[in-house]
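Residues take their numbers from the sequence shown, with the count starting at 1.
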Amino acid sequence: MLIAQVCSKGVEEDMRSSEFKRMAEALALAAASASPPLPLTALFVQDHLDISNAAPFDAPLFPIPLPKVVEGGNFEDECKEPEGQIHDYISNLRFRISPTAFFQVNTVAAERLYSLAGDWASLGPTTLLFDICCGTGTIGLTLAHRAGLVVGIEMSAPAVADAQRNAEINAIKNCKFVCAKAEDVIDSLLKEYLEMPAEMASDISDNASDKDIDDISKKSASEYGTQGNNSSVSTNDTKIKGDTIAKETEDLGNMSSKSPGISTETNELTENKKEENIMERFREVVVIVDPPRCGLHPVVIKALRTHPCLRRLVYISCNPETLVANAIELCTPSTGKVEKVKGRRGGYRHMGNAGHARQRAKSMPVSEPFCPVKAMAVDLFPHTSHCEMVMLLER
């Protein structure tokens, strides 16, 4: 799959179509002429009208038909419509990948990376694993067999659709994916899941309907070739319904009060139901984060730092600079009081990420800091200056 990012502002429709056709022919010919030939099956154009070269995930995306190359470098008259997704494998799991979804292209090194993260996370059957910035679910799904329950958080609707479908393809039942910005839902998710017995949370994940998955998949698929403005799935649709169980118990009690003849029996059933639901909770809560180059949002850092049940965090970073900045906020000891940082006009303008992190750490609520235990670099991009950094933090 190839995605070409263009800015079509001020370009006439006929010229744009002609240029896209020429591009498709050139790329198809180059793929067929390579040794060995490259299996180019999908070509998309992403129309981004801004100056930055980093288009948002909901930027308009258009499929471009690929011509079939025959002998002599000629093209057949009929063009093949591009497939909406491609598939790849990590750790013997099959993953569906949409055009805008994040996926590590170096799958061999990515497998080692995820295995290392799982080893450092010390997962077990009673572990609740939060996979923040989960993308297509690669980390959570490859580690699901080690954990009791995996909760993935991702803001891209197509990626969440892929993650749901990938769990279904690989028959993985203990994963739940939430489509929302992590900073919008992390606090409520921590409260809801950590107040919920493990078996209940697992049942919710197991009972996720195929219809919901299909709805998300159809919605994301329909965006290819549209303006893509509706790529976000409402957090109300994907929010974990942890209050449902309590609501059902409350409704059962209300029914008994309205029927005096069966009130005693109903109350006994209610109490029995409550006792059955008081099961062993997850003994360990572990978080694995794999944020973009900008790092974790300050709201997410604050939620992770201040929640006492979180004792272990594995940070996978593609940008060491933001890793250092986030680690400063996570690991700086509390001073015993929360300082209100007063802004100075232009005072913080020239600060780097670490400087801003030190300032935010002063206003962090009093809480136990994490401690960096160990770190390792994993080279996913050979012959470049980039590498992934994995860091284990505990408290």
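- Side-chain atoms of Asp290 and Tyr315, non-hydrogen and from C-beta on, never get closer than 4.5 Å to each other.
- Ion pairing between Arg311 and Glu368 holds under the 4.0 Å rule for side-chain N and carboxylate O.
- With respect to the salt-bridge test (charged N to carboxylate O, under 4.0 angstrom), the residues Glu19 and Arg16 do not qualify.
- Taking CD1 of Ile301 as the start and OG1 of Thr306 as the end, the distance is 11.5 Å to the nearest 0.5 Å.
- Here the side chains of Val45 and Phe20 are in contact, with some heavy-atom distance below 4.5 Å.
- Here the NZ-CG distance, from Lys374 to Leu392, works out to 6.0 Å after rounding to the nearest 0.5 Å.
- By the 4.5 Å heavy-atom criterion applied to side chains, Val151 and Leu129 are not counted as neighbours.
- With contacts defined as side-chain heavy-atom distances shorter than 4.5 Å, the pair Phe177/Val150 does not qualify.
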All N/O donor-acceptor pairs, side-chain side in residues 134-149, below 3.5 Å, sequence neighbours left out:
| unit_1 | atom_1 | unit_2 | atom_2 | d |
| --- | --- | --- | --- | --- |
| Thr138 | OG1 | Tyr114 | OH | 3.3 |
| Thr142 | OG1 | Thr138 | O | 2.8 |
| Thr142 | OG1 | Ile139 | O | 2.9 |
| His145 | ND1 | Thr142 | O | 3.2 |
| Arg146 | NH1 | Gly118 | O | 3.4 |
| Arg146 | NH1 | Asp119 | OD1 | 2.9 |
| Arg146 | NH2 | Asp119 | OD1 | 3.4 |

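- Put simply, Leu38 and Leu66 are part of two different groups of oily side chains (I, L, V, M, F, W, Y) that touch within less than 4.5 Å, one to the next.
- Side-chain contact between Leu323 and Met391: present, with at least one pair of heavy atoms (C-beta onward) separated by less than 4.5 Å.
- Here Cys133 contributes atom SG and Phe102 contributes atom CZ; the two are 10.0 Å apart, rounded to the nearest 0.5 Å.
- Taking CZ of Arg112 as the reference point, atom CD1 of Ile90 lies at 13.5 Å (rounded to 0.5 Å).
- In this model, no donor atom of one side chain and acceptor atom of the other lie less than 3.5 Å apart for Thr332 and Arg360.
- Here the closest non-hydrogen pair linking Ile288 and Ala121 is CD1-CB, 4.4 Å.
- In this structure, Leu310 CG and Arg305 CZ are separated by 12.5 Å, a value rounded to the nearest 0.5 Å.
- Taking each heavy atom of Ala109 and Val378 in turn, the nearest pair found is O-CG1, 4.2 Å.
- A donor and an acceptor atom, one from each side chain of Asp47 and Ser8, are located under 3.5 Å apart.
- To the nearest 0.5 angstrom, Met364 atom CE is 13.0 Å from Gln359 atom CD.
- Using a 4.0 Å cut-off between a side-chain N of Lys or Arg and a carboxylate O of Asp or Glu, Arg312 and Glu394 qualify as a salt bridge.
- The shortest side-chain heavy-atom distance between Asp14 and Ser17 does not fall under the 4.5 Å cut-off.
- Side-chain contact between Val390 and Leu113 is present, with at least one heavy-atom pair separated by less than 4.5 Å.
- Classification of the Phe381-His386 ring pair by plane angle, with boundaries at 30° and 60°, yields perpendicular.
- A pairwise comparison of heavy atoms in Arg395 and Pro369 identifies CB-O, 3.3 Å as the closest pair.
- Using a 4.5 Å cut-off on side-chain heavy atoms (C-beta onward), Phe44 and Ile64 make no contact.
- Closest approach of Val299 to Glu183, counting heavy atoms only: CG1-O, 3.4 Å.
- When atom types are taken as modelled, the side chain of Ser18 and the backbone of Met15 share no donor-acceptor pair closer than 3.5 angstrom.
- Minimum interatomic distance between Ala303 and Leu190 (heavy atoms only, all atoms of both residues): O-CD1, 4.0 Å.
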Exercise. Going through the checks in order, is the side chain to side chain donor-acceptor pair (under 3.5 Å) test met by Ser98 and Asp162?
Worked result: CA-CA 7 Å; Ser98 295; Asp162 286 342; 2.7 Å; yes
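- Ile172 and Val286 fall within the same hydrophobic cluster, where Ile, Leu, Val, Met, Phe, Trp and Tyr residues are linked whenever their side-chain heavy atoms come under 4.5 Å apart, directly or through other members.
- With hydrogens and angles ignored, the 3.5 Å screen pairs no side-chain donor or acceptor of Asp88 with any backbone N or O of Arg94.
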